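Working notes, structure below.
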Amino acid sequence: MAKPKGGLTAWFGKGPKGDWVDIGAPKKKGKFQSCGRKSTKGSKRKYPKCVPRATANRMSKSQIRSAVKRKRAKAQGVGGKPTNVRTFKKKKRNGRKTWDNKKEN
């Protein structure tokens, strides 16, 4: 039987919408493991922070560390809903709010 097209298969699979990776579980040589984990019980891996591969490749080590730390600091699955945190933290510069991944003019 063929896999259905669309839905979570398209979102997390490889392709234009997908190819999500866990930035909290690095591999050797700067590569990342695929997003998610099989089971929370018996798993040695900590809670995943997933982003598209393109975003992960352009993030610095400090940005990755910050995003993973903020994700794991929050209680997970409260009220049956997933816990989301911003990948890039807002910064205040000269009284203005900016994103740390955008350059100022």
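The structure displayed is predicted, hence computed values, not measured ones.
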Co-membership, hydrophobic cluster, residues F88 and V85, 4.5 Å side-chain
no
For A67 and T87 the tightest heavy-atom approach is CB-O, 3.6 Å
If you take all heavy atoms of I64 and I23, which pair is closest and at what distance?
CG2-O, 3.5 Å
Do any N or O atoms from the side chain of D22 and from the backbone of Q33 form a donor-acceptor pair under 3.5 angstrom?
no
To the nearest 0.5 Å, how far apart are NZ in K31 and CZ in R53?
8.5 Å
Working for side-chain contact (heavy atoms from CB on, under 4.5 Å), residues T55 and W20:
CA-CA 9 Å; T55 303; W20 285 61; over 6 Å; no
Mind checking what makes side-chain hydrogen bond (donor to acceptor under 3.5 Å, both in side chains) contact with R65, not counting sequence neighbours?
none
Would you say that Q63 contacts S60 through its side chain, given a criterion of any heavy-atom pair below 4.5 Å between the two side chains?
yes
Write down the atom of V21, the atom of F32, and the distance for their closest heavy-atom approach.
CB-CB, 3.6 Å
Spacing of K49 atom NZ and C35 atom SG [to the nearest 0.5 Å]:
9.5 Å
Hydrophobic cluster identity match, M59 and V68, side-chain contacts under 4.5 Å:
yes
Quick one: salt bridge (charged side-chain N to carboxylate O under 4.0 Å, His left out) pairs with a partner in residues 67-78, sequence neighbours left out?
none
